[in-house]
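What follows is one structure encoded as structure tokens, with my remarks underneath.
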Amino acid sequence: MIDLKQLRDDPDRFRKAAADKGIAVDIDDVLRFDAALREAQTELQSLVSEKNRIGKEIGALAGRLKKAPDSEKPALQQEMQRLQARPTEIKSREAELNAVVTDLEAKRLDLWLRIPQPADHDVPVGRDADDNIEIRRWNSPWFDTSRTFADNKGFAARSHVEIGKALNLFEFERGVKMAGSRSYVLIGDGMRLHNAVLRCAFDMMTSELGFTALSVPVLVREQVMIGTGFFPAGREQAYEVRETDRGGGYDLYLTGTGEVGLMGYHQDEILDAARLPLRYTTVSTCFRREAGAAGKDTTGLYRIHQFDKVEQVVICKADEAESRQWHQRMIGFVETLLQRLEMPYRLLQCCTGDLGPKNADMVDIETWMPSRGEVDERGLPRGAYGETHSASRLYDYQCRRLNIRYRDPDSGKPVVCHSLNNTVAASPRLLIPILELYQNGDGSVTIPRVLRPYMNGQERIG
RNA sequence: GGAGAGGUGGCUGAGUGGCUUAAAGCGACGGUUUGCUAAACCGUUGUACGGGCUAAUACCUGUACCGGGGGUUCGAAUCCCCCCCUCUCCGCCA
């Protein structure tokens, strides 16, 4: 959520920002509702103020009335009636104004929540993912993405789907039987490898990097979804559990990322400035409806409704330099992990059209997936980078919605925090490059060295 | 799931319709005193949203907030209704 005062001061900045992101929101309506609301509030408050003042007189009079001898009571009662006339009159106008204020507040909030965070000045303007700009690449010591898979490994690549089927690491049929399309079952070493990746990433964040591990709810109230910025814009992406239909007071929503729980944790708190920055990590199951993605990435483990993810978030002081520094660090943690896994990746600077409403800046990390991409003249896929991570820098947009602040040591005033988040490892999507890059000509798969401690020392599958 | 007790400021805790529109204590901050520390004494005290005046996030002023939402009333922490949460006991259970 943006700062309304900033909107009043410079509406053009937000008009342009929304246009750059390709998000339709009527800034003029927000300003109109805002102005009308404040006018109504002003009138309402002065009426209530008058009512309260008379109320005090009535209170004092009531006290005198109680102690007064009977002879004086009729006069006092008459005075009481006279005093009560004006508040009664105010009440009807107050009710009218209250209705107006409630209505305008709702209208203003509805639009306010939809005004996107302006992209930072150094984020390239663009329409969609095609306009993202590559920042840099890293190649594995033993796999050069500029050469074909066969040139790298000496045999033709099989897709993770084929590998998984041959080695019985996962299947889709029974997953679909139980839960519908985009559902799957991990089996045996497939499940073990999945856990190994997550554990490896989780241990790095906690033991090595000092992030605090939290296990957080993945079934949360609407307020947390709004606060973290996933609602209202992404409402159709979340599964909802309609508890109100069975008499409960609240509906609940399955979270699409651990970020929701990690950030919602401190909702409505004023944090101790001395304890910032807060660094949290979690491993959680993530649920996504993938509405609007029908027909897209329908094969394999790439786009699925349920997966597990190690996520990292940082909540820091409202300082642009510090925010930017953490963004780079958090990206660096992921690079370290991918380099340990010896898998080629690249960094993409996302353009304005690909940022989403809440980000000032976003860097995607894509890992090389040999089975993706166009098919060459021999009918073999050329391979392509596939998105595995996304590092967001949000300034105070998310923390303002969540109402997470700290007290500035100098002024003593509450200041809205900055927040950042980044994937550490999302699996089974990350199993795609692992299986495909580490496959051998004999059909087996070598287990990446860093994952072997989490596989009981096992070196190969199959 | 059943029964009961609760939810008041940073913390403890009083307050069962106005004469207290949240007492008192603790803590924190500022000051006085002091060779220094401690103590004592005096003072201050939250958040949000408006309005006024502005260079100002300074100052003045208003409204709201006693778990959340609604209601009764001239007036609600207090009375009524719904919901949420916590605790105790019972039941069930990974």
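Throughout, a chain's letter reflects where its sequence line sits, starting with A, and its residues are numbered from 1. Just so it is clear, the values below take in all heavy atoms, side chains as well, and ignore hydrogens, waters and symmetry mates.
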- Grab the two heavy atoms, one from A/A426 and one from A/K309, that are nearest each other, plus how far apart they are. CB-CD, 3.8 Å
- Query: Using atom P of each nucleotide, how far apart are B/A22 and B/G62 to the nearest Å?
  - Reply: 13 Å
- Is there a donor-acceptor contact under 3.5 Å linking the side chains of A/S444 and A/R460? yes
- Query: With respect to the side chain of A/R38, which nucleotide from B/G62, B/U57, B/G51 is positioned closest?
  - Reply: B/G51
- Counting heavy atoms from C-beta on, name the nucleotide in B/A48, B/U63, B/C74 closest to the side chain of A/P414. B/A48
- Message: If I take atom CD in residue A/Q223 and atom C1' in nucleotide B/G67, what distance separates them, rounded to the nearest angstrom?
- Response: 15 Å
- Message: Closest approach to the side chain of A/R405, judged atom by atom: which nucleotide of B/A48, B/G18, B/G50 is it?
- Response: B/A48
- Message: For A/S390 and A/D364, which I'm curious about, is there any donor-acceptor pair between the side chains at under 3.5 Å?
- Response: yes
- When the P atoms of B/C93 and B/A5 are considered, how many whole Å apart are they? 28 Å
- Rounded to whole Å, CZ of A/R407 lies from P of B/C29 at a distance of 13 Å
- Message: Nearest whole Å is fine: how far is B/G51 P from A/E50 CD?
- Response: 20 Å
- Item | Watson-Crick/G-U partner (both atom distances under 3.5 Å) of B/A5 | B/U86
- Item | Assigned partner base of B/U54, Watson-Crick or wobble definition, under 3.5 Å | none
- Query: Does B/U73 pair with anything, Watson-Crick or G-U wobble, both distances under 3.5 Å, and if so, with which nucleotide?
  - Reply: none
- Message: Side-chain N or O of A/N52 versus OP1/OP2 of B/G75: is the shortest distance under 4.0 Å?
- Response: no
- pair_partner(B/C66), Watson-Crick or wobble, both distances < 3.5 Å, evaluates to none
- Task: Can you figure out which of B/U63, B/G18, B/C74 approaches the side chain of A/T88 most closely?
- Result: B/C74
- Message: Please give the distance between the C1' atoms of B/U44 and B/G51 as a whole number of Å.
- Response: 26 Å
- Query: For the side chain of A/K51, counting heavy atoms from C-beta on, which of B/G75, B/G18, B/A64 is nearest?
  - Reply: B/G75
- Item | Distance in angstrom units between A/E269 CD and B/G10 C1', rounded | 13 Å
- Does any nucleotide pair with B/G25 by Watson-Crick or G-U wobble geometry, both distances under 3.5 Å, and what is it? B/C11
- So which nucleotide does B/U16 pair with, by the Watson-Crick or G-U wobble rule with both distances under 3.5 Å? none
- Message: Does either side chain, that of A/E259 or that of A/Q398, offer a donor lying less than 3.5 Å from an acceptor on the other one?
- Response: yes
- Message: When the C1' atoms of B/U61 and B/C53 are compared, how many Å lie between them, rounded to an integer?
- Response: 11 Å
- Item | Nucleotide paired to B/C41 in any strand shown, Watson-Crick or G-U, under 3.5 Å | B/G31
- Between A/G59 and A/K56, name the one whose nearest nucleotide on RNA chain B is closer to the 5' end. A/G59
- Lys/Arg-Asp/Glu bridge criterion (N-O < 4.0 Å) met for A/R407, A/D272: no
- Message: What is the distance, to the nearest angstrom, from the CD atom on A/E39 to the P atom on B/G62?
- Response: 22 Å
- Query: What about A/Q45, does its side chain sit under 3.5 Å from the base of B/G62 through a donor-acceptor pair?
  - Reply: yes
- Query: What interatomic distance, in whole Å, is found between P of B/C84 and the corresponding atom of B/G69?
  - Reply: 15 Å
- Item | Distance test, side-chain N/O of A/R8 to OP1/OP2 of B/G50, below 4.0 Å | yes
- pair_partner(B/U78), Watson-Crick or wobble, both distances < 3.5 Å, evaluates to none
- What is the minimum heavy-atom distance between A/C350 and A/P124, and which atoms define it? O-CD, 4.1 Å
- Message: If the cut-off is 4.0 Å, is A/K91 near the phosphate of B/C74, judged by side-chain N/O to OP1 or OP2?
- Response: yes
- Query: Can you tell me if the side-chain N/O atoms of A/S49 get under 4.0 Å from OP1 or OP2 in B/U63?
  - Reply: yes
- Task: Pick the C1' atom in B/U8 and in B/G25, then give their distance to the nearest Å.
- Result: 15 Å
- For the side chain of A/P87, counting heavy atoms from C-beta on, which of B/C49, B/C74, B/U47 is nearest? B/C74
- Query: Which value, in whole Å, describes the distance between the P atoms of nucleotides B/U78 and B/G6?
  - Reply: 16 Å
- Whole-Å distance separating the CG atom of A/N98 from the P atom of B/G69: 13 Å
- Query: How is A/R400 classified with respect to the nucleic acid when contacts are heavy atoms under 4.0 Å: base, sugar-phosphate, or nothing?
  - Reply: nothing
- Task: Between A/S46 and A/R53, just flag the one whose closest nucleotide in RNA chain B comes earlier from the 5' side.
- Result: A/R53
- Over 60° means perpendicular and under 30° means parallel, so classify the ring planes of A/F231 and A/Y253, tilted if in between. perpendicular
- Message: If you only use heavy atoms from C-beta on, which nucleotide in B/U47, B/U63, B/C74 is closest to the side chain of A/I58?
- Response: B/C74
- Query: Base, sugar-phosphate, or nothing for A/R221, non-hydrogen atoms under 4.0 angstrom?
  - Reply: sugar-phosphate
- With P as the reference atom in both, quote the distance from B/G67 to B/U12 in angstrom, rounded to an integer. 13 Å
- Spacing of A/I404 atom CD1 relative to B/U47 atom P, expressed in whole Å: 17 Å
- Is any side-chain N of the basic residue among A/K177 and A/E173 closer than 4.0 Å to the acidic one's carboxylate O? no
- Note on the structure: A/I90 CD1 to B/G75 P, in whole Å, measures 10 Å
